[in-house]
K.L.:
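If you scroll down you'll find the structure; I have some questions about it.
Remember, it's a predicted structure, so these values are computed and weren't measured experimentally. All chains are named by letter (A, B, ...) in the order of the sequence lines, taking the proteins before the strands, and each is independently numbered beginning at 1.
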Number of protein chains: 2
Amino acid sequence: MILKSQVEWALHCCAILAGLPEGRYLSTKALAELHGLPKEYLSKALQSLSQAGLVHSTLGPSGGYRLARPPAELNFLEIVEAVEGKSRTFVCDNIRANNPCRPKGYCDSSPCAVARIMWEADEAWRQKLRSVTLADLGEILSRETPPAIWKDTFDWVLKRAG
Amino acid sequence: MILKSQVEWALHCCAILAGLPEGRYLSTKALAELHGLPKEYLSKALQSLSQAGLVHSTLGPSGGYRLARPPAELNFLEIVEAVEGKSRTFVCDNIRANNPCRPKGYCDSSPCAVARIMWEADEAWRQKLRSVTLADLGEILSRETPPAIWKDTFDWVLKRAG
DNA sequence: ATATTATGGATATTAAATATCCCTATATCT
DNA sequence: AGATATAGGGATATTTAATATCCATAATAT
């Protein structure tokens, strides 16, 4: 069980968009080039973000994407779920119902205990992702990235932002 | 990203093995029949448990599996990892290194911030799974399962346990 | 001896992830 | 008005992982 690589792409792209000045847009082409990713396929990930309402897009030359909300109001879980889907990582096929000792058609009142425990773990994962915003990420990155690279990247992006 | 169905199978099988009297073994055939699963494929999941040292196996007629440890000393994470592998659910391809503004061959001191956050969420998931033992599950099941089904199942298993 | 079992290897089948291509509508610029 | 660059969506390969089956082998109980 491994998350799609599109999750990584989406997170990094959002981190870049979070640093974009108000009202500016950055294209798929620029984002793909900046991260060394296949433009066409990255486009699908960005479309997922758009459909989820996390980013706003605009057409034409100088078109592209910007965040739909301030970085402090956009958390990791939203981005992950936009790309990966909202369904839980553990699927319960209710195999306990196949137990030949159970009356046929017997209906359990509560979901399977095994599934409930697995879903609690899933929720712990989601809770952690929910607790980290793009603003938090930006703060970490600005602290860790060497100033020269940070500035060069900012300039590189601005030059291409419509 | 969805866990293999073998994870569900392994958990349910371990729950049954946890109720087995000391020294008895239950075969793949019985476990497959009890859960309505393909015997050959379930066998692979049980082999994973065996290789991880979570269960002990014995050959020949009346052979099969038993837990290698008391249910209170066997947690969900061990079972999940035995089947699903121990690798993290988020793979970092370090795409930040593709940033054209970075000096070629530049080596970061610490792993990517995005990956670290995703790994923290992964660890929260694992921590939750680590905190639940087969004994906990057994307690829940014995409380929730209707006594008649519970008893019939126990008898069904005992009749087939070598 | 015979039957039953776990184990491991080989292989087939199905589903999902990855990736590319092309067409359309829209916006910008000249 | 016309040329160009963009997102969006549909169709379709390609690759990889999950699911599943089959068979040969060694060990064990009766």
K.L.:
Check whether the side chains of A/Asp93 and B/Ser5 place a donor and an acceptor atom closer than 3.5 Å, and report yes or no.
P.N.:
no
K.L.:
Regarding A/Arg96 and A/Asn94, is there a side-chain donor-to-acceptor distance under 3.5 Å anywhere?
P.N.:
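Result is yes, a qualifying pair exists.
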K.L.:
Could you state the CG-C1' distance from A/Leu26 to D/dT6, rounded to the nearest angstrom?
P.N.:
12 Å
K.L.:
Round to the nearest Å and state the distance from B/Leu49 atom CG to C/dA6 atom P.
P.N.:
13 Å
K.L.:
Each nucleotide in nucleotides 16-28 of chain D should get exactly one letter: B, S or -. Can you fill that in based on protein heavy atoms under 4.0 Å?
P.N.:
--SBBBB----BB
K.L.:
Measure up the B/Trp119 and B/Phe90 rings against each other and bin them: parallel (under 30°), tilted (30 to 60°), perpendicular (over 60°).
P.N.:
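Perpendicular: the ring planes of B/Trp119 and B/Phe90 meet at over 60°.
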K.L.:
Could you tell me whether B/Ser43 contacts a base, only the sugar-phosphate backbone, or nothing, with contacts defined as non-hydrogen atoms closer than 4.0 Å?
P.N.:
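The residue B/Ser43 makes base contact.
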K.L.:
Mind listing the side-chain donor-acceptor pairs of residues 46-53 of chain B below 3.5 Å, one per line with the distance, residues two or more places apart or on another chain?
P.N.:
| unit_1 | atom_1 | unit_2 | atom_2 | d |
| --- | --- | --- | --- | --- |
| B/Gln47 | NE2 | B/Ser43 | OG | 3.0 |
| B/Ser48 | OG | B/Lys44 | O | 3.1 |

K.L.:
Does B/Gly162 reach a base, just sugar-phosphate, or nothing at all? Heavy atoms under 4.0 Å.
P.N.:
nothing
K.L.:
Side-chain N or O of A/Gln51 less than 4.0 angstrom from OP1 or OP2 on D/dG9?
P.N.:
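For D/dG9, OP1 or OP2 has a side-chain N or O of A/Gln51 closer than 4.0 Å.
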K.L.:
Take the protein atom CZ of B/Arg24 and the nucleotide atom C1' of C/dT5, then report the distance between them rounded to whole Å.
P.N.:
16 Å
K.L.:
Whole-Å distance between C/dT7 P and B/Leu46 CG?
P.N.:
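That distance rounds to 8 Å.
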K.L.:
Is A/Ser50 close enough to D/dG8 that one of its side-chain N or O atoms is under 4.0 Å from OP1 or OP2 there?
P.N.:
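The answer is yes; a side-chain N or O of A/Ser50 sits under 4.0 Å from OP1 or OP2.
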K.L.:
Side chains of A/Ser131 and A/Asn75 only: does a donor on one sit below 3.5 Å from an acceptor on the other?
P.N.:
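Their side chains do not contain a donor-acceptor pair, so the 3.5 Å distance test is not met.
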K.L.:
Using 0.5 Å steps for rounding, measure from the CD atom of B/Glu84 to the CE atom of A/Met1.
P.N.:
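If we round to the nearest 0.5 Å, B/Glu84:CD and A/Met1:CE are 5.5 Å apart.
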K.L.:
Do NZ/NE/NH1/NH2 and the carboxylate oxygens of B/Asp155 and B/Lys159 come within less than 4.0 Å?
P.N.:
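Judged by the 4.0 Å cut-off on N to carboxylate O distance, B/Asp155 and B/Lys159 do not form a salt bridge.
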K.L.:
Find the distance A/Leu42:CG to D/dT6:P and express it as a whole number of Å.
P.N.:
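Rounding to the nearest Å, CG of A/Leu42 and P of D/dT6 are 14 Å apart.
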K.L.:
Take atom CZ of B/Arg66 and atom C1' of C/dT5, then tell me their distance rounded to the nearest Å.
P.N.:
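These atoms are roughly 16 Å apart.
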K.L.:
Provide, to the nearest angstrom, the distance between the CG atom belonging to A/Leu17 and the C1' atom belonging to D/dA7.
P.N.:
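After rounding, the gap between these two atoms is 14 Å.
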K.L.:
For B/Lys29 and C/dT7, what is the distance between atoms NZ and C1' respectively, to the nearest whole Å?
P.N.:
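Interatomic distance, NZ of B/Lys29 to C1' of C/dT7: 18 Å.
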